[in-house]
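A short write-up of the structure that comes next.
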2 protein chains.
Amino acid sequence: MKEEAQNPAFAYIAGRIDKMLVPALLNFLAHKPAHGYELIQKINESGFSEIEADPATIYRNLRRMEEDGLVLSQWETEHTGPARRSYQLSPEGHQALEYCVQLISDKVNNMTAFLDQYRQEVKER
Amino acid sequence: MKEEAQNPAFAYIAGRIDKMLVPALLNFLAHKPAHGYELIQKINESGFSEIEADPATIYRNLRRMEEDGLVLSQWETEHTGPARRSYQLSPEGHQALEYCVQLISDKVNNMTAFLDQYRQEVKER
DNA sequence: TAATCATATATGTATTCGTCACCTACTCTC
DNA sequence: GAGAGTAGGTGACGAATACATATATGATTA
């Protein structure tokens with residue numbers, strides 16, 4: 001899903017068209033609790049968030065989300081392999097997800113308006 | 001157009017849902033050449049790019065776009081008032097705009113898929 | 001059994017980018 | 001000549017990400 005700009009001078013443009021990381025995390029966690037490594041894989045599979053999910057970014061975001069009360073975590077040890085931190089959404093996290101949905105809706109409208117305007121102008125040319 | 005998060009813990013979320021600054025600049029300049037001050041006003045009027053266009057951001061972006069060959073500039077002095085730098089799109093700039101349009105289309109599809117999935121899950125709950 | 005791979009979390013640092021505060025300069029009007 | 005509006009800009013700062021690296025456990029394989 002990660003796209004390479006055909007022209008290197010366009011490189012920074014892609015980064016400015018957003019990465020839906022936090023909404024994606026909230027959305028996965030609303031579905032069911034999960035730990036970081038799992039979320040990294042899911043996000044890479046899902047195609048949300050054009051970026052290739054960087055572990056550092058994911059873990060740091062999860063920590064901040066916990067600081068802000070959007071998620072709750074607890075260590076899980078009843079399984080093979082290294083201990084993992086299991087995250088679940090708090091009530092505030094659900095509110096945040098709703099807020100994200102609102103923002104994304106607005107954004108879609110905004111972007112659609114932009115595209116319509118662009119296409120209209122191309123047609124007139 | 002700028003929205004305040006109802007919950008301060010959500011503050012950083014809004015900033016992660018993108019600001020369409022570069023596309024908006026390219027789009028305005030595709031329409032007709034313009035100088036920075038003019039673009040600042042247009043962007044604030046248009047409602048694209050939720051951000052309140054900060055002059056520093058606009059000017060720096062224009063400079064970088066020029067470095068990257070997306071726009072060409074020349075000083076204009078045949079008018080009253082301070083000299084102004086007039087920017088116009090280069091052929092590469094038009095390509096970049098098309099690239100932006102492509103990215104934004106993808107993004108809209110992506111976000112729409114996200115919203116659909118969210119709404120589907122809410123319905124099932 | 002030693003090496004190595006997959007899982008899992010985390011930190012340190014550089015860089016990128018936007019925001020805030022500030023500056024210069026020109027022109028017109030009061 | 002003081003102030004407002006137009007026009008273009010910079011430096012310091014902070015927030016967030018990218019990239020590299022550290023750490024530990026368990027499974028596989030040479």
Side-chain angles (χ1 to χ4, degrees), chain A residues 2 4-5 8-25 33-45 49-68 71 73-87, chain B residues 2 4-5 8-25 33-45 49-68 71 73-87:
Chain A
K2 189 173 189 171
E4 295 301 328
F10 301 171
Y12 65 93
I13 294 176
R16 204 114 338 121
I17 314 280
D18 186 31
K19 7 212 151 180
M20 299 252 294
L21 185 56
V22 173
L25 289 175
H35 57 278
Y37 194 81
E38 204 180 340
L39 290 165
I40 291 167
Q41 293 176 313
K42 277 188 178 172
I43 282 173
N44 282 335
E45 285 163 21
S49 168
E50 266 132 50
I51 59 167
E52 218 152 292
D54 182 76
T57 305
I58 307 282
Y59 285 119
R60 266 194 264 256
N61 270 285
L62 286 170
R63 292 312 207 88
R64 180 177 45 190
M65 286 158 71
E66 184 165 27
E67 271 173 43
D68 291 339
V71 297
S73 81
Q74 52 195 33
W75 283 103
E76 268 187 14
T77 47
E78 302 120 30
H79 61 84
T80 69
R84 56 173 78 143
R85 196 188 280 274
S86 178
Y87 289 94
Chain B
K2 193 171 192 173
E4 297 300 328
F10 301 171
Y12 63 91
I13 294 176
R16 204 110 340 117
I17 314 279
D18 185 32
K19 8 212 151 181
M20 300 250 295
L21 185 57
V22 173
L25 288 175
H35 57 278
Y37 194 80
E38 205 180 339
L39 291 165
I40 291 166
Q41 293 176 314
K42 277 187 178 173
I43 283 173
N44 282 335
E45 285 163 21
S49 169
E50 269 132 47
I51 59 166
E52 220 152 290
D54 182 84
T57 305
I58 307 283
Y59 286 121
R60 266 194 264 259
N61 270 285
L62 286 170
R63 295 309 205 87
R64 180 177 45 191
M65 285 158 71
E66 185 165 27
E67 272 173 43
D68 292 339
V71 297
S73 80
Q74 53 194 32
W75 283 104
E76 269 187 13
T77 48
E78 301 119 29
H79 60 85
T80 68
R84 57 174 80 146
R85 197 187 280 272
S86 178
Y87 289 95

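In this text, all values refer to a predicted model and were calculated from it rather than measured experimentally. Below, read A as the first sequence line, B as the second, and so on, with proteins coming before strands; counting in each chain starts at 1.
With rounding to the nearest 0.5 Å, the separation of CG in B/N61 from OG1 in B/T57 is 7.0 Å. Atom CD1 of A/I40 is separated from atom CG of A/D54 by 8.0 Å, given to the nearest 0.5 angstrom. Note that CD1 of B/I58 is 4.0 Å distant from CD1 of B/I43, once rounded to the nearest 0.5 Å.
Of all non-hydrogen atoms in B/H79 and B/P82, the two that sit nearest each other are CE1-O, 3.0 Å. Minimum heavy-atom separation, A/Y59 to A/Y37: OH-N, 3.5 Å. Between A/L62 and A/G36, the shortest heavy-atom distance links the atoms CD1-CA, 3.9 Å. Here the shortest heavy-atom pairing between B/S73 and B/R85 reads OG-NH1, 3.4 Å.
Here B/R84 pairs with nothing under the side-chain hydrogen bond (donor to acceptor under 3.5 Å, both in side chains) rule; sequence neighbours left out.
Residue B/I40 contributes atom CD1, which lies 12 Å from atom P of C/dT19 at whole-angstrom precision. Per the geometry, CD belonging to A/E76 stands 18 Å off P belonging to D/dT25, to the nearest Å. Atom CD1 of B/I43 and atom P of C/dT19 are 12 Å apart (whole Å). Distance, B/M65 CE to C/dC17 C1': 15 Å, rounded to whole Å. Following rounding to the nearest Å, A/L21 (CG) and D/dA15 (P) show an atom-to-atom distance of 19 Å. Rounding to whole angstrom units, CD1 of residue A/I58 and C1' of D/dA16 are separated by 14 Å. The CG atom of A/L25 sits 15 Å away from the C1' atom of C/dT9 (whole-angstrom rounding).
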Contact list (N/O, under 3.5 angstrom) for nucleotides 6-10 of chain D vs protein:
| from | atom 1 | to | atom 2 | distance (Å) |
| --- | --- | --- | --- | --- |
| D/dT6 | OP2 | B/Y37 | OH | 3.4 |
| D/dA7 | OP1 | B/R84 | NH2 | 2.7 |
| D/dG8 | OP1 | B/R85 | N | 2.8 |
| D/dG8 | OP1 | B/R85 | O | 3.4 |
| D/dG8 | OP2 | B/G36 | N | 3.3 |
| D/dG8 | OP2 | B/Y37 | N | 2.6 |
| D/dG8 | OP2 | B/Y59 | OH | 3.2 |
| D/dG9 | OP1 | B/R63 | NH2 | 2.7 |
| D/dG9 | OP1 | B/R85 | NE | 2.9 |
| D/dG9 | OP1 | B/R85 | NH2 | 2.9 |

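Annotation for B/Q41: atom CD counts as buried by contact number, over 12 foreign heavy atoms lying within 6.0 Å.
Taken together, the paired segments of DNA chain D that extend over three or more consecutive Watson-Crick or G-U pairs, each closer than 3.5 Å at both contacts, are C:1-30 with D:1-30.
Phosphate proximity of C/dG18 to B/N61: present, with a side-chain N or O under 4.0 Å from OP1 or OP2.
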